Amino acid sequence: MPLRPPIRNVSKRRQVARIQTRATMAIRQSEESSMEAKRFAGVAIVCSVAMGLLSACGTRHVSRDISADGVPGEVVFPAVERAVLKEGTFPNLDDLRQVAPGVSKEQLYHLLGRPHFREGYAGVREWDYLFHFRREGGVTTCQYKVVFDQNYLARSFYWLPEACGDVLREPVAAEPSSSPAAAASRRFTLSADALFAFGRAGLDDLQPEGRAEVARVAKALLDAKDLREVRVTGHTDRIGSDAANHSLSRERAETVRRLLIAEGVPAQRISAEGRGESEPVVGHCEAAKGRDALIACLQPNRRVEISADVEQ
């Protein structure tokens with residue numbers, strides 16, 4: 001009759017088997033954790049590279065003397081061949097019309113995409129784009145610049161060439177009647193001396209009577225039956241250089257535009273431009289003796305004109 005193995009030996013073999021099974025499971029769990037860590041590290045690297053494209057590798061700005069409220073002393077556009085997105089884009093005009101003073105970089109990114117030049121995110125005061133528009137006879141290429149204030153909110157906008165801004169003008173819907181209403185033009189001329197301190201153009205430089213005058217114009221525009229388009233044009237006298245006068249006239253026009261928007265005039269219907277000293281009202285001040293007399297004589301040339309197309 002064969003002898004049975006001792007019960008004690010059977011129990012030991014079972015314990016060894018259980019220990020081996022647990023060791024095998026622990027090794028497998030360790031390998032799976034290692035693979036998961038590698039996958040997580042890969043995702044982290046991809047995210048870091050994406051953020052780097054909008055921050056570490058960007059330039060802050062090329063325009064000069066950008067003020068705290070987002071107006072450059074001199075607007076400088078980067079060379080087209082320096083674009084990172086060489087082919088540019090065909091923007092959605094409805095999205096482009098939504099860009100207005102006060103939009104954040106996140107909102108701008110959602111509307112227009114990332115900047116097309118080597119401009120980053122953190123600490124950057126301007127973004128540049130290369131846009132194409134289909135028009136009769138072909139495609140028009142334009143550069144578009146957004147300048148941010150000290151809080152990195154969009155404040156001023158520029159086109160190269162300036163005429164490219166016309167693409168934002170919304171088409172006037174046809175009236176249901178057989179003969180659409182004719183458009184009439186209204187013009188308001190504001191003395192720059194009443195609006196601003198001499199040689200100044202910012203919001204902080206506005207005089208109380210100037211603010212009141214712009215508010216009066218805004219009310220007249222809002223009371224119009226059908227406001228279609230508003231054009232704000234800045235003018236200066238001939239004192240100073242051409243470049244300085246052109247910049248000053250543009251900044252004054254942009255400041256008045258921002259005031260009109262603050263008073264409720266739709267931003268998408270207002271454009272602003274500066275014409276410097278090129279369109280004087282008076283030109284014969286040779287008899288003026290001294291600088292003060294010359295400044296007084298040339299006063300009518302320092303002005304901001306607001307013209308609006310409304311239904312007649």
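Remember, it's a predicted structure, so these values are computed and weren't measured experimentally.
Nearest heavy atom pair, residue Ala163 against residue Arg135, reads O-NH2, 4.5 Å. Smallest separation of non-hydrogen atoms from Ser156 and Gly70: OG-O, 2.6 Å. When all heavy atoms are compared, the tightest approach of Leu168 to Arg97 is O-NE, 2.9 Å. The two residues Phe196 and Gly202 have their closest heavy-atom pair at CE2-O, 3.8 Å. Listed here is the closest heavy atom pair of Gly234 and Ala253: N-CB, 3.7 Å. The two residues Ile239 and Asn245 come nearest to each other via the heavy atoms O-OD1, 3.1 Å.
When the shell of 6.0 Å around NZ of Lys86 is examined, it contains more than 12 heavy atoms from other residues, nucleotides or ligands.
Take Arg231 and apply the salt bridge (Lys or Arg N to Asp or Glu O under 4.0 Å) test, not counting sequence neighbours, and it matches Glu229, Asp309. For Glu277, the salt bridge (Lys or Arg N to Asp or Glu O under 4.0 Å) test picks out no residue, with sequence neighbours left out. In this view, Tyr144 and Phe131, Trp159 satisfy the ring pair (Phe, Tyr, Trp, His ring centres under 6.0 Å) rule, not counting sequence neighbours. Among residues two or more places apart in sequence or in another chain, the salt bridge (Lys or Arg N to Asp or Glu O under 4.0 Å) test is passed with Asp205 by Arg200. Applying the side-chain contact (heavy atoms from CB on, under 4.5 Å) test to Glu74 and every residue at least two apart in sequence or in another chain returns Arg64, Val76. For the side chain to side chain donor-acceptor pair (under 3.5 Å) test, no residue two or more places apart in sequence or in another chain qualifies with Asn301.
Looking only at atom types and distance, the side chain of Ser191 has no donor-acceptor partner in the side chain of Asp193 under 3.5 Å away.
Cluster annotation: Val80 and Val75 are assigned to distinct hydrophobic clusters (Ile/Leu/Val/Met/Phe/Trp/Tyr, side-chain heavy-atom contacts under 4.5 Å, transitive). Tracing side-chain contacts under 4.5 Å through hydrophobic residues (I, L, V, M, F, W, Y), one never reaches Val99 starting from Leu153; they form parts of separate clusters. Both Leu259 and Leu227 belong to a single network of hydrophobic side chains, linked directly or stepwise wherever heavy atoms of I, L, V, M, F, W or Y lie under 4.5 Å apart. Note on Leu248 and Val256: separate hydrophobic clusters, where clusters join Ile, Leu, Val, Met, Phe, Trp and Tyr whose side-chain heavy atoms are under 4.5 Å apart, directly or indirectly. Hydrophobic clustering (side-chain heavy atoms under 4.5 Å, transitive across Ile, Leu, Val, Met, Phe, Trp, Tyr) keeps Val147 apart from Phe117.
In this structure, Ser63 and Arg125 have side chains that are not in contact, with every pair of non-hydrogen atoms separated by 4.5 Å or more. Contact check for Arg82 versus Arg118: no side-chain heavy atoms found under the 4.5 Å cut-off.
Sorted by first and then second residue, the ring pair (Phe, Tyr, Trp, His ring centres under 6.0 Å) pairs with a member in residues 217-260 form an empty list; sequence neighbours excluded. Applying the salt bridge (Lys or Arg N to Asp or Glu O under 4.0 Å) test to residues at least two apart or on different chains, the pairs with a partner in residues 139-153 are Glu126-Lys145, Asp128-Lys145, Asp149-Arg155. Identified under the ring pair (Phe, Tyr, Trp, His ring centres under 6.0 Å) test for residues 66-101, with sequence neighbours left out: Phe90-His132. Residue pairs meeting the salt bridge (Lys or Arg N to Asp or Glu O under 4.0 Å) criterion with at least one partner in residues 206-221, sequence neighbours excluded, are Glu213-Arg216, Lys219-Asp223. Within the structure, disulfide (SG to SG under 2.5 Å) contacts touching residues 86-158 (residues at least two apart or in different chains) are Cys142-Cys164. For residues 236-253, the pairs satisfying salt bridge (Lys or Arg N to Asp or Glu O under 4.0 Å) are Asp237-Arg302, with sequence neighbours left out.
To the nearest 0.5 angstrom, Leu221 atom CG is 7.0 Å from Ile306 atom CD1. Once rounded to the nearest 0.5 Å, the distance linking OG1 of Thr236 with CD of Glu279 reads 10.5 Å. Rounding to the nearest 0.5 angstrom, the gap separating the OG1 atom in Thr141 from the CG atom in Leu160 is 11.5 Å. Between the CZ atom of Arg269 and the CD1 atom of Ile261 there is a distance of 13.0 Å, given to the nearest 0.5 Å. Here Leu108 contributes atom CG and Tyr129 contributes atom OH; the two are 4.0 Å apart, rounded to the nearest 0.5 Å. Distance check, rounded to the nearest 0.5 Å: CG of Leu96 to CG of Leu112 gives 5.5 Å.
No side-chain donor-acceptor contact under 3.5 Å links Lys105 to the backbone of Phe148. When atom types are taken as modelled, the side chain of Arg275 and the backbone of Thr233 share no donor-acceptor pair closer than 3.5 angstrom.
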Exercise. Where do Leu85 and Leu130 land on the side chain to side chain contact (heavy atoms under 4.5 Å, CB included) test, with the steps shown first?
Worked result: CA-CA 8 Å; Leu85 188 61; Leu130 185 64; over 6 Å; no
